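Report on the structure given below.
If you're wondering where the values come from, they're calculated on a predicted model, not measured in any experiment.
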2 protein chains.
Amino acid sequence: MASPLEKARKDPDSMKARILNTARRVFGEYGFHGATTRMIAEEVGVDISTLYYHWGEKGDLYEAVILDINHDLKQLLGQVEGVIHGLPLDRRMDIAIDMTSAYLFEHPEISNLVLFRYFAKTRDEAVLDFQVPEIISDIARSMGLARDKRQVSNHVSMRILAMMNSIHHFVSGEEFFRGMLKMAREPYIAMVQETLKFMLIPAFVSSDAAE
Amino acid sequence: MASPLEKARKDPDSMKARILNTARRVFGEYGFHGATTRMIAEEVGVDISTLYYHWGEKGDLYEAVILDINHDLKQLLGQVEGVIHGLPLDRRMDIAIDMTSAYLFEHPEISNLVLFRYFAKTRDEAVLDFQVPEIISDIARSMGLARDKRQVSNHVSMRILAMMNSIHHFVSGEEFFRGMLKMAREPYIAMVQETLKFMLIPAFVSSDAAE
DNA sequence: GAATTGTTCCATCAGTTGATGGAGACGATG
DNA sequence: CATCGTCTCCATCAACTGATGGAACAATTC
């Protein structure tokens, strides 16, 4: 029952965990093909073969990374849900945007990896991601956009995708956008949150009121 | 004055143009590191060295591709502007969303490459993109969000970035999202356009009315 | 302390990748 | 026909990449 991933999470100082965390960052920065096992090993400060000993081949390590970030995302959603439960929609969205973006700006590799999975093809055939639909259902429920998480319409799923990706996109593009707009980090983050609220809240609130 | 790019555009059947167009697709699908010169050459049906003869090294070809898609984007914006000129804001946005998304769904490699440039690092140092700010200014002006294209506030730039990327994101993620939602192409595209309007129009229209 | 197990590194391999030099093919020009 | 410039391919290189076997070492168990 104790998967390698659980072991790594239990002891963050273990070699397994150190490799996993570095792999998250490197895969997030350069993508699957852009990252090499040597880059990861070098950054950890160990030999390549140590990577292979702990995580098997490159694709397996990548898969572990994906599972790891999905785990983090779910945990984040749980926290957000706990805070916003029972509040009116506009407040729910306001807080959810703040919390989610703040967390992702601290762990930008999550956004990078999510986006990479969305549209960068791997040369080998890709594994279908079964966790994203689940996460979307969770959001739909906690946002009050669907009564039962089993029956989330495509309609609603699309809107949640658009919402999530607006956030990811500003996190992943930070370097590019900040360079372009010549902004420091803090004002950039503040402006991102403002922009997200500007875009997202009117749409969902007015649609909610119309019902 | 006749750059290689202009030559290629003038004669679409030339080897230069055939390589460029294939490179657009392959770089768009797999990213810079995921695409190999051999993949591109093979798809064109020529030897690798023919690639190098016409476009120089891999990075140069990639750069030509980026310039090429920026050129297409500007052309598209010009067309959109011609159609929406003088209409009220909500109509402008409605039409711009339809036209832009329809075009990008026909040329998805544009969206892919734009997004790739935003957040995928190249192992070599990246070249700063000087064209994106210009495109954003154009949009701001044609949307009526800034009086002078010289003085577009970061505020407005962020909103336009968010808008553009919402579109790109649904185009690039088509395969992933359609697989997830189990939708055919046409209804997917229709639903994307509906979702984009749902999200974008209320925000901009209510902000416009408030002024 | 001996045996077993777990962990790390060194050396190395085969396949891939970016890149080039040179030979030949082709058409235009004289 | 001869010559020249343009274009394409074949052969090949060095560097890089994913991957592995085995030696060395450390920790654990008996």
- Task: Using whole Å, report how far NE2 of H33(B) lies from P of dG18(D).
- Result: 12 Å
Return the polar atom pairs (N/O with N/O) between nucleotides 25-27 of chain D and the protein under 3.5 Å, or none.
none

- Query: Under the ring pair (Phe, Tyr, Trp, His ring centres under 6.0 Å) test, which residues partner H168(A), sequence neighbours left out?
  - Reply: none
- Partners meeting salt bridge (charged side-chain N to carboxylate O under 4.0 Å, His left out) with D68(A) (sequence neighbours left out): R9(A), R24(A)
- Item | Degree of bending in the helix from dG1(C)-dC30(D) to dG30(C)-dC1(D) once both end axes are built from five pairs, to 10° | 10°
- Results of salt bridge (charged side-chain N to carboxylate O under 4.0 Å, His left out) for E174(B) - residues two or more places apart only: R178(B), R185(B)
- Query: Hey, does L181(B) have a side-chain heavy atom less than 4.5 Å from the side chain of S157(A)?
  - Reply: yes
- Item | salt bridge (charged side-chain N to carboxylate O under 4.0 Å, His left out) contacts in which one or both residues fall within residues 26-39 of chain B, not counting sequence neighbours | K121(A)-E29(B)
- Query: Which comes earlier along DNA chain C counting from the 5' end, the contact point of R38(A) or that of G45(A), where each point is its nearest nucleotide?
  - Reply: G45(A)
- Determine, step by step, whether M163(B) and F204(B) satisfy the side chain to side chain contact (heavy atoms under 4.5 Å, CB included) criterion, reporting the C-alpha distance in whole Å, the side-chain angles of both residues, the deciding distance to 0.1 Å, and the verdict. CA-CA 10 Å; M163(B) 199 170 77; F204(B) 284 95; 3.8 Å; yes
- E42(A): what forms a salt bridge (charged side-chain N to carboxylate O under 4.0 Å, His left out) with it, not counting sequence neighbours? none
- Could you list the residues that satisfy side-chain contact (heavy atoms from CB on, under 4.5 Å) with S49(B), not counting sequence neighbours? D47(B)
- Okay, side chain of T195(B), backbone of R159(A): is any donor-acceptor separation there less than 3.5 Å? no
- Partner residues of Y30(B) under the ring pair (Phe, Tyr, Trp, His ring centres under 6.0 Å) criterion, sequence neighbours left out: none
- Can you name the residues that form a side-chain contact (heavy atoms from CB on, under 4.5 Å) with A96(B), not counting sequence neighbours? V80(B), M143(B)
- Strictly below 4.0 Å, heavy-atom distances to any atom of DNA chain D: list the hits from residues 47-55 of chain A, or just say none. I48(A), S49(A), Y52(A)
- Task: Name the orientation class of the two ring planes belonging to F177(A) and Y118(B) (parallel below 30°, tilted from 30 to 60°, perpendicular beyond 60°).
- Result: perpendicular
- Mind checking A41(A) for me? I need base, sugar-phosphate or nothing, with any heavy atom below 4.0 Å counting as a touch. nothing
- How close do I160(A) and I136(A) get, heavy atom to heavy atom, and via which atoms? CD1-O, 3.8 Å
- If you walk 5' to 3' along DNA chain C, what is the first nucleotide with an atom under 4.0 Å of a heavy atom in chain B, and what is the last? dT17(C) to dG21(C)
